[in-house]
Amino acid sequence: MENMSTTDHVSPNPVLKATGLGYQFTDGVWAFRTVNYSLFPGEIAVLAGRNGAGKTFLAKHLAGLIEPTEGTVHVSGLDIRLTRGSRAEKVGYLFQDVRLQIVGDTILDDALFGPTNLGLSPTESMSRAKNALFACGLADRENDFVHKLSGGETRRLAMAGLLAMMPKVVILDEPFANLDLSGVRSILDGIRRMASDDIAVLIVTHEIEKVLGLANFFSILDNGRIVLSGKPDEVLAQGIEAFGLRNPFHNHREVQDLTWLD
């Protein structure tokens, strides 16, 4: 695969750098190979592709959740395999089913879980949790029970849990799934806030029309390869329909055009 890094950044040094990354299944088939990928502080990057392209699988390797067959992932210059005890401080991963990441009874309990388990003092843990809830628009909901939250609110709480651990990189897997308009907007606002705090954000999604306007970089994964990558407008200009993605600039002139059937 081609190098997926960008060049238009305040910082010239990537916070995450994958080099020669590859994964081989037991039957000898390679899921991907020779992946070189970089994320920079404050960058918003989008990784898209058709269902089954391997987006989530690759993203989990970048987060250190799966051990690669070959290659390395470095975060802040350190091999992520050497940071297992504190990996959450390096890369935060938001799963598509965020309910798997909610562990507290109340919103504040949940936000406190991460920093507390990092061994931080009660004072520091509380400060981080409250700041993260504020950043995700949940500061006035601290004592609410998590089971009463909407889908969008649950995702925002999961994001707050990640932010409370102050990671360098956050990877969001299909963050807009099953959300209404207000839910999508709240997630986008959270993404923008993270980037403004110099967190590198990677959004794994096929719903590019919801986030591409915020992105600095856009890549398309297909059959285990990065087939297109660059600035969003440059990638769109090359054509993305061949890789199972709908062009967000598709013109709608009549009601009859408002369908995904061609």
Side-chain angles (χ1 to χ4, degrees), residues 44 46 55-57 59-60 62-66 83-207 210-211 214:
I44 298 176
V46 173
K55 303 185 299 294
T56 293
F57 196 57
K60 287 182 177 179
L62 297 176
L65 299 177
I66 301 177
T83 62
R84 293 198 181 279
S86 58
R87 187 190 306 151
E89 293 180 279
K90 303 295 183 182
V91 182
Y93 193 97
L94 188 73
F95 290 85
Q96 183 172 348
D97 186 355
V98 294
R99 294 172 299 179
L100 300 173
Q101 294 175 256
I102 304 300
V103 296
D105 291 327
T106 68
I107 287 177
L108 181 58
D109 288 339
D110 193 80
L112 279 168
F113 181 83
T116 298
N117 279 273
L118 290 177
L120 302 177
S121 69
T123 301
E124 177 66 14
S125 295
M126 183 63 71
S127 175
R128 286 195 183 194
K130 286 181 175 289
N131 287 338
L133 290 175
F134 177 81
C136 293
L138 294 170
D140 58 343
R141 306 280 302 277
E142 292 180 358
N143 297 317
D144 287 6
F145 290 104
V146 298
H147 69 268
K148 294 184 177 181
L149 299 179
S150 67
E153 290 167 341
T154 302
R155 288 184 190 275
R156 284 158 54 195
L157 176 56
M159 287 174 60
L162 296 180
L163 292 181
M165 292 183 282
M166 300 180 66
K168 302 294 184 182
V169 179
V170 169
I171 299 175
L172 310 177
D173 187 2
E174 297 291 356
F176 313 115
N178 304 315
L179 295 186
D180 59 16
L181 178 60
S182 63
V184 170
R185 286 177 171 172
S186 67
I187 296 302
L188 291 174
D189 185 59
I191 290 171
R192 186 163 47 190
R193 286 173 180 265
M194 287 189 288
S196 69
D197 287 335
D198 271 346
I199 297 173
V201 184
L202 174 61
I203 302 117
V204 179
T205 185
H206 64 278
E207 300 181 87
K210 296 178 179 177
V211 68
L214 297 181

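These numbers were taken from a predicted model, which means no experiment stands behind them.
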Nearest 0.5 angstrom please: [X] [atom1] to [Y] [atom2], how far?
| X | Y | atom1 | atom2 | value |
| --- | --- | --- | --- | --- |
| Arg156 | Ile107 | CZ | CD1 | 8.5 Å |
| Arg193 | Leu188 | CZ | CG | 12.5 Å |
| Ile203 | Leu214 | CD1 | CG | 7.5 Å |
| Leu138 | Met159 | CG | CE | 10.0 Å |
| Ile199 | Met166 | CD1 | CE | 8.0 Å |
| Leu112 | Leu133 | CG | CG | 8.0 Å |

By side-chain hydrogen bond (donor to acceptor under 3.5 Å, both in side chains) - contacts of Asp140 (at least two apart): none
side-chain hydrogen bond (donor to acceptor under 3.5 Å, both in side chains) against Gln96, all qualifying residues, sequence neighbours excluded: none
Heavy-atom check, side chain of [X] versus side chain of [Y], under 4.5 Å:
| X | Y | answer |
| --- | --- | --- |
| Leu157 | Val146 | yes |
| Leu94 | Ile171 | no |
| Phe95 | Asp173 | no |
| Lys210 | Ile187 | no |
| Leu172 | Leu202 | no |
| Val91 | Lys168 | no |
| Leu118 | Met165 | yes |
| Arg141 | Leu149 | yes |

Within 6.0 angstrom of Asn178 CG, more than 12 heavy atoms from elsewhere: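 For Asn178, atom CG is not crowded (no more than 12 foreign heavy atoms under 6.0 Å).
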Within 6.0 Å of CZ in Phe113, more than 12 heavy atoms from elsewhere: no
Taking all atoms of both residues into account, what is the closest heavy-atom pair of [X] and [Y], and its distance?
| X | Y | result |
| --- | --- | --- |
| Ala132 | Ala164 | CB-N, 3.7 Å |
| Val204 | Pro175 | O-CD, 3.9 Å |
| Lys60 | Tyr93 | CG-OH, 3.6 Å |

Identified side chain to side chain contact (heavy atoms under 4.5 Å, CB included) partner of Met194 from the options Leu163, Asp189, Val169, Ile44: Leu163
Between [X] (side chain only) and [Y] (backbone N and O only), is there a donor and an acceptor less than 3.5 Å apart?
| X | Y | result |
| --- | --- | --- |
| Glu153 | Ser150 | yes |
| Ser186 | Gly183 | yes |
| Asp110 | Thr106 | no |
| Ser125 | Ser121 | yes |

Sidechain N-carboxylate O distance under 4.0 Å for Lys130, Glu142: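 Counted as a salt bridge, because a side-chain N and a carboxylate O are separated by less than 4.0 Å.
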